[in-house]
Amino acid sequence: MPAESMDFLAGLNPQQREAVTFTGGPLLVLAGAGSGKTRVITHRIVYLIAEMGVRPDHILAVTFTNKAAEEMCQRVLAMLPEGRSGNPRLSTFHSLCNRLLRRHAARLGYTSDFSIYDSDDQSKVMKGCLQEMSIPESILLPRKACSIVSRAKNSSRRNEFATRAFRDHRDADLYRRVLALYDQKLRASNAMDFDDLLLNALELLEEHDEVRLRHQEQTRHLLIDEYQDTNRLQYLLVKQLTQPPYDLCAVGDEDQSIYRFRGAHLGNILEFEKDFPNVRVMKLEQNYRSTQRILEAASSVVRNNRERKEKTLWTRNDPGDLVRCLASNSGIDEAEAVGKVILALKRDGLDDTFAVLYRTNFQSRYFEEVFKRNAIPYTILGGLSFYARAEIKDLIAYLRLLRNPGDSMALDRIINVPARGIGETTMDRLRTHAAEQGLSLWESVEAFARDPELSNRACCPLAGFVHLVQQLRMEMPSSPLAAFLESMAERIGYVKMLEEENSPESLSRLGNIEELVRAAHEWEGQGLSVSDFLDQASLASDSDNYDSKSHVTLMTLHSAKGLEFDVVFLVGMEEGLFPHGQSLQNHADIEEERRLCYVGMTRARRRLYLSWARFRRTFDPFALGENLPSRFLSEIPATVLETIENGYSSRESSAWSSPFQAEVPQKERKPYAGKSYDSVDSMKEFLRRRGGGAPARSGSRAAALPPPPTDPGGPNDFPPGTRVQHPQFGEGVILQALKEGDETKLNIHFSNFGRKKLIQRYSNLVKI
DNA sequence: GCGTTTTTCCTTTTT
DNA sequence: GGAAAAACGC
């Protein structure tokens with residue numbers, strides 16, 4: 001072996017080395033958190049090229065985010081000797097499929113200029129579908145419909161829709177019709193949603209032999225990262241991308257599977273050995289990232305899951321500090337406690353990286369406020385990302401319309417932005433005309449603009465708009481990206497509109513546009529076209545924006561996957577928030593929440609703080625007065641945990657003031673009585689054992705707090721939060737109970753019928 | 001058809 | 001507490 005290769009293998013432990021150099025067929029690497037998963041993938045790529053003489057472009061590695069792909073690519077290139085031919089291909093499933101489809105779109109009846117619809121576009125299309133089918137929102141919300149449809153799409157081939165999709169569902173027939181109409185609309189706009197990218201790529205490979213063969217020829221070595229989060233569609237794609245004898249290397253950790261809601265199928269990794277013959281399975285169990293105590297705490301939590309392969313993660317690292325549990329009174333106090341810890345640790349002068357991880361995006365708010373007030377520089381991922389800002393979406397919608405005239409969502413968005421006298425009435429007529437004549441919205445606009453019958457008032461603005469778009473469309477292909485964007489923003493009147501508004505917001509929007517132009521300049525330098533720019537904007541993920549040099553980063557637990565930090569704060573650890581209230585009903589969902597907790601905890605290198613708040617302002621109808629600490633906290637052994645009581649402050653009464661709960665008469669406020677909270681006692685016991693914990697209430701404070709837990713009440717008592725069964729409406733949850741005279745009016749949310757107001761006496765409700 | 005004010009509803013998690 | 005839809009007045 002050349003000295004060089006000895007070098008790059010020298011940094012690996014025996015198991016890693018084995019995984020890197022094994023080439024005798026399909027390989028599954030079960031890699032625990034922090035066990036050097038990325039190193040295995042990058043070194044394996046380098047090994048294949050440098051040692052096995054594999055042509056770089058015969059290697060395809062699929063990762064979860066573009067950022068991960070890019071980083072791996074850079075590490076690989078740094079290790080490779082000069083003078084090779086081509087680069088290995090590293091990409092996400094979605095970008096891979098996108099590229100494949102752009103090349104072969106015609107075979108599936110799209111043009112290569114197809115648009116990619118984001119979740120906003122999706123729910124707008126869905127809204128239209130439901131309206132056309134006269135399904136009121138009270139029965140099916142557009143976004144809910146989108147997620148149901150998306151899940152079905154991620155587990156079926158397109159030609160299976162009519163039979164296989166929704167097969168477990170009570171309303172399968174209804175959903176199939178919704179899906180069919182939704183699909184038809186997207187197709188008519190020459191558009192694909194995220195799921196279509198996978199679905200169509202699969203169809204392309206399965207049904208077009210020459211495409212598949214060419215691709216298999218190109219992909220002799222396939223590596224897949226985060227295999228635990230692949231869904232059925234991705235699994236089927238993997239099978240199409242390679243062929244026996246597979247050189248397939250899948251790397252994953254079933255304990256870190258956190259995308260079940262998106263169709264991720266744990267079976268993919270648990271049954272890998274059945275799917276591929278003669279598979280070799282290797283385990284990486286030495287953790288290089290975290291301290292012993294952090295690892296012990298995280299392992300004890302995830303051990304409570306049933307659906308997993310047994311493995312023992314260990315480390316040679318220091319024992320480290322105890323994991324700390326911060327118990328605060330309110331969400332604001334929680335944020336302040338975290339801020340204080342960060343300031344204290346920063347005072348020690350270390351160059352530590354910090355992360356605040358939460359279950360849901362809305363939790364970021366208090367942290368932002370506190371960090372701003374205390375001059376703690378932070379970066380926030382997700383929430384309103386750059387591409388989600390209105391002005392950026394508008395300009396991108398213009399580009400989308402220029403590239404793909406069929407893109408009705410883009411057209412709809414910008415036809416009257418800035419205002420050009422094309423209002424709702426005209427739009428209604430355009431839509432009707434399009435539907436009647438089987439035209440796209442754009443074709444309908446063109447027709448109206450030419451129609452001599454039409455009044456000038458309606459016609460002129462349309463004609464002007466058509467002319468503008470046609471001109472821009474002609475110029476676009478030949479102009480450099482940044483210059484084109486800039487001149488477009490000018491000519492469509494967008495800049496003028498913002499300048500005339502002349503408010504602080506409009507000025508910041510102008511700033512954002514400048515930033516977009518700057519970004520375009522950079523991409524232009526890398527030889528990217530308008531099309532690439534649009535794809536980048538659609539397929540970018542939140543963690544793609546993560547900057548490891550930033551000292552404090554706020555993000556959801558999901559976005560934190562694959563990242564690591566010196567100090568991690570896992571906040572909002574309360575029953576109902578984490579685990580999330582929507583996950584309490586079924587065991588598989590709880591297990592997923594637990595894995596999410598495991599992922600969060602194992603992001604920490606040196607210090608881990610877990611935090612919860614007794615009261616939290618919320619608009620969730622499931623919210624129930626005082627919070628209980630998350631069950632995950634009670635799963636951590638006392639020997640590695642230290643509880644810090646972030647005492648009762650004067651704010652507790654204001655923390656207890658949800659606008660919703662304020663409407664409920666004091667007397668009827670009752671703690672949730674459902675059986676999901678069966679561990680109340682163990683939780684209290686757990687806190688007492690640790691000293692600190694929830695002290696007994698006494699004196700004046702008790703008056704400001706909600707009444708202490710009492711019995712759920714008799715059969716005629718329906719406090720908010722109670723789950724009920726109705727003879728016609730099925731299952732529901734009491735949102736509100738109002739006593740009026742001797743009647744009680746109940747406001748109930750039924751899962752299949754939406755909200756209803758019923759008089760309790762006549763309702764025939766049964767508690768469940 | 002446009003701009004402002006009022007009301008509503010909301011909150012899982014993401015490519 | 002804030003964005004998006006609806007309602008209202010011009």
Side-chain angles (χ1 to χ4, degrees), chain A residues 62-69 91-98 116-120 122-124 127 137-138 141 143-144 146-147 150-151 153-154 192-198 226 229-231 233-234 257-264 331 357-366 369 381-385 388 390 416 418-428 457-458 461 501 535 538-544 555-561 572 576-584 589 592-593 595-596 599-600 616-623 657-660 735 749 754-755:
Chain A
V62 184
T63 63
F64 211 67
T65 64
N66 294 297
K67 180 87 174 180
S91 130
T92 64
F93 270 109
H94 287 87
S95 335
L96 174 76
C97 293
N98 178 46
I116 300 172
Y117 275 10
D118 65 15
S119 41
D120 271 5
Q122 287 178 45
S123 45
K124 274 184 202 147
K127 199 174 169 185
E137 293 207 350
S138 54
L141 286 156
R143 259 197 286 116
K144 171 95 177 153
C146 281
S147 71
S150 166
R151 236 179 127 156
K153 280 187 170 187
N154 276 296
M192 301 186 194
D193 63 21
F194 293 125
D195 309 321
D196 288 335
L197 290 174
L198 304 181
E226 313 276 15
D229 279 320
T230 52
N231 57 39
L233 233 39
Q234 290 164 328
S257 174
I258 55 175
Y259 284 99
R260 210 172 87 93
F261 71 91
R262 194 166 87 184
L357 308 181
Y358 34 78
R359 177 68 238 264
T360 62
N361 272 307
F362 82 95
Q363 289 170 261
S364 65
R365 266 209 34 228
Y366 289 139
E369 277 172 26
L381 254 55
L384 256 196
S385 74
N416 205 31
R420 23 174 97 85
I422 306 169
E424 241 350 90
T425 327
T426 310
M427 286 309 288
D428 272 345
R457 177 144 159 264
E501 198 186 317
D535 292 345
S538 318
L539 299 175
S541 65
D542 286 337
S543 22
D544 292 345
M555 69 185 101
T556 62
L557 286 156
H558 283 89
S559 309
K561 184 163 86 157
L577 185 57
F578 188 36
H580 195 273
Q582 301 283 91
S583 308
L584 296 175
D589 285 336
E592 172 130 325
E593 298 281 312
R595 291 191 293 267
L596 198 50
V599 167
R616 192 180 291 277
R617 213 165 212 283
T618 170
F619 292 81
D620 181 350
F622 291 87
S657 61
S658 141
F660 166 72
L735 300 178
H749 183 87
R755 291 199 181 165

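Letters A, B, ... mirror the listed sequences (proteins, then strands); counts begin at 1. Keep in mind it's a predicted model, so treat the numbers as computed, not measured.
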Asks: What is the distance, to the nearest angstrom, from the CZ atom on A/Arg616 to the C1' atom on B/dC10?
Replies: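 Rounding to the nearest Å, CZ of A/Arg616 and C1' of B/dC10 are 17 Å apart.
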Asks: Atom CG of A/Leu539 to atom P of B/dT15: distance rounded to whole Å?
Replies: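 For the pair A/Leu539 CG and B/dT15 P, the rounded distance is 10 Å.
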Asks: Does A/Asn231 have any side chain to side chain contact (heavy atoms under 4.5 Å, CB included) partners at least two apart in sequence or in another chain, and if so, which?
Replies: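 Side chain to side chain contact (heavy atoms under 4.5 Å, CB included) check on A/Asn231 returns A/Asn154, A/Leu198, A/Leu233, A/Gln234.
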Asks: Report the distance from atom CG of A/Asn231 to atom P of B/dT15, rounded to the nearest whole Å.
Replies: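 In whole Å, B/dT15 P and A/Asn231 CG are 14 Å from each other.
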Asks: Under the side chain to side chain contact (heavy atoms under 4.5 Å, CB included) rule, collect the residues that match up with A/Asp535, sequence neighbours excluded.
Replies: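 Here the qualifying residues are A/Asn98, A/Arg102, A/Ile116, A/Arg403.
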Asks: Heavy atoms only, 4.0 Å cut-off, all strands: where does A/Arg365 land among base, sugar-phosphate and nothing?
Replies: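 A/Arg365: backbone/sugar contact only, no base atoms under 4.0 Å.
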Asks: Between B/dT14, B/dC10, B/dT12, spot the one nearest the side chain of A/Leu141, thanks.
Replies: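 When the side chain of A/Leu141 is considered, B/dC10 is the closest of B/dT14, B/dC10, B/dT12.
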Asks: Could you state the CZ-C1' distance from A/Arg595 to B/dT14, rounded to the nearest angstrom?
Replies: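 It is 16 Å, rounded to the nearest whole Å.
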Asks: For the side chain of A/Lys127, starting at C-beta, report the closest nucleotide among B/dT12, C/dA5, B/dC2.
Replies: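 Between B/dT12, C/dA5, B/dC2, the one nearest the side chain of A/Lys127 would be C/dA5.
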Asks: Do A/Leu539 and A/Leu197 have side-chain heavy atoms sitting under 4.5 Å apart?
Replies: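 The answer is yes, as the side chains (C-beta and beyond) meet within the 4.5 Å cut-off.
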Asks: Under 5.5 Å between ring centres and under 30° between planes: true for A/Phe93 and the base of B/dT15?
Replies: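 No; by the centre-distance and plane-angle rule, A/Phe93 does not count as stacking on B/dT15.
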Asks: Would you check if A/Thr556 and A/Arg359 make a side-chain contact, meaning some heavy-atom pair closer than 4.5 Å?
Replies: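 SC-SC contact between A/Thr556 and A/Arg359 ruled out.
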Asks: Please name all residues satisfying salt bridge (Lys or Arg N to Asp or Glu O under 4.0 Å) with A/Arg260, sequence neighbours left out, ordered by chain then number.
Replies: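 In terms of salt bridge (Lys or Arg N to Asp or Glu O under 4.0 Å), with neighbours along the sequence ignored, A/Arg260 is linked to A/Asp589.
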Asks: Let me confirm one number: the CG-OH distance from A/Asp196 to A/Tyr117, rounded to the nearest 0.5 Å.
Replies: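 So the gap between those two atoms works out to 11.0 Å.
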Asks: Taking the C1' atom of each, how far is C/dA5 from B/dT12, in whole Å?
Replies: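 Their C1' atoms lie roughly 23 Å apart.
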Asks: What base-paired stems does DNA chain B take part in, with at least 3 consecutive Watson-Crick or G-U wobble pairs and both distances under 3.5 Å?
Replies: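 The stems are B:1-10 with C:1-10.
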Asks: From the list B/dT15, B/dG1, B/dT12, which nucleotide is the closest neighbour of the side chain of A/Thr425?
Replies: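 The listed nucleotide nearest to A/Thr425's side chain is B/dG1.
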Asks: Which is more 5' along DNA chain B, the nucleotide nearest A/Ala540 or the one nearest A/Phe362? Just name the residue.
Replies: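 Its nearest nucleotide lies further toward 5', so the answer is A/Phe362.
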Asks: Once side chain to side chain contact (heavy atoms under 4.5 Å, CB included) is applied, do any residues pair with A/Thr92, and if so which ones, sequence neighbours excluded?
Replies: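 A/Thr92 satisfies side chain to side chain contact (heavy atoms under 4.5 Å, CB included) with A/Thr63, A/Asn66, A/His94, A/Ser95 only.
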Asks: Grab the CG-P distance between A/Leu584 and B/dT12 for me, whole Å please.
Replies: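 For the pair A/Leu584 CG and B/dT12 P, the rounded distance is 12 Å.
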Asks: May I ask you to say what A/Asn416 touches in the nucleic acid, namely base, sugar-phosphate or nothing, with a heavy-atom cut-off under 4.0 Å?
Replies: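 Sugar-phosphate, backbone atoms only, no base.
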Asks: B/dT14 phosphate, OP1 or OP2: any side-chain N/O from A/Ser559 under 4.0 angstrom?
Replies: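 Looking at the OP1 and OP2 atoms of B/dT14, one of them is under 4.0 Å from a side-chain N or O of A/Ser559.
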Asks: For A/Asn66 and for A/Arg420, locate the closest nucleotide of DNA chain B by heavy-atom distance; then report the residue assigned to the nucleotide nearer the 5' terminus.
Replies: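 So the residue in question is A/Arg420.
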Asks: Take the protein atom CZ of A/Phe194 and the nucleotide atom P of B/dT14, then report the distance between them rounded to whole Å.
Replies: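 Atom-to-atom, A/Phe194 to B/dT14, this comes out as 12 Å.
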Asks: Quote, to the nearest angstrom, the C1' distance that separates B/dT13 from C/dA4.
Replies: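 Their C1' atoms lie roughly 22 Å apart.
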Asks: On the nucleotide B/dT12, are OP1 or OP2 found under 4.0 Å from the side-chain N or O atoms that A/Thr556 carries?
Replies: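 It does not, given that no N or O in the side chain of A/Thr556 lies less than 4.0 Å from OP1 or OP2 of B/dT12.
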Asks: Any idea which of B/dT12, B/dC2, B/dT15 is nearest the A/Ala419 side chain?
Replies: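 So the side chain of A/Ala419 is nearest to B/dC2.
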Asks: For B/dT13, does OP1 or OP2 lie under 4.0 Å from any side-chain N or O of A/Asn361?
Replies: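 The answer is yes; a side-chain N or O of A/Asn361 sits under 4.0 Å from OP1 or OP2.
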Asks: For A/Glu226, check side chain to side chain contact (heavy atoms under 4.5 Å, CB included) against everything at least two apart and list the hits.
Replies: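 In terms of side chain to side chain contact (heavy atoms under 4.5 Å, CB included), with neighbours along the sequence ignored, A/Glu226 is linked to A/Lys37, A/Phe64, A/Gln228, A/Lys561.
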Asks: Starting at CG of A/Asp120 and ending at P of C/dA5, how long is that distance when rounded to a whole Å?
Replies: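 One finds 10 Å between P of C/dA5 and CG of A/Asp120, rounded.
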Asks: Please confirm whether A/Phe261 and A/His580 have ring centers closer than 6.0 angstrom.
Replies: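 No; A/His580 has its ring centre 6.0 Å or more from that of A/Phe261.
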Asks: Across the strands shown, which category fits A/Tyr259 at heavy-atom distances under 4.0 angstrom: base, sugar-phosphate, nothing?
Replies: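 If one applies the 4.0 Å heavy-atom cut-off, A/Tyr259 turns out to touch the sugar-phosphate alone, with no base involved.
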Asks: Please report the distance, rounded to the nearest Å, between CZ in A/Phe64 and P in B/dT14.
Replies: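 After rounding, the gap between these two atoms is 11 Å.
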Asks: B/dT12 phosphate, OP1 or OP2: any side-chain N/O from A/His580 under 4.0 angstrom?
Replies: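 It does, given that an N or O in the side chain of A/His580 lies less than 4.0 Å from OP1 or OP2 of B/dT12.
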Asks: Could you please name the option among B/dT12, B/dT15, B/dT13 that lies closest to any side-chain atom of A/Ser583?
Replies: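 Looking only at heavy atoms from C-beta outward on A/Ser583, the closest nucleotide is B/dT12.
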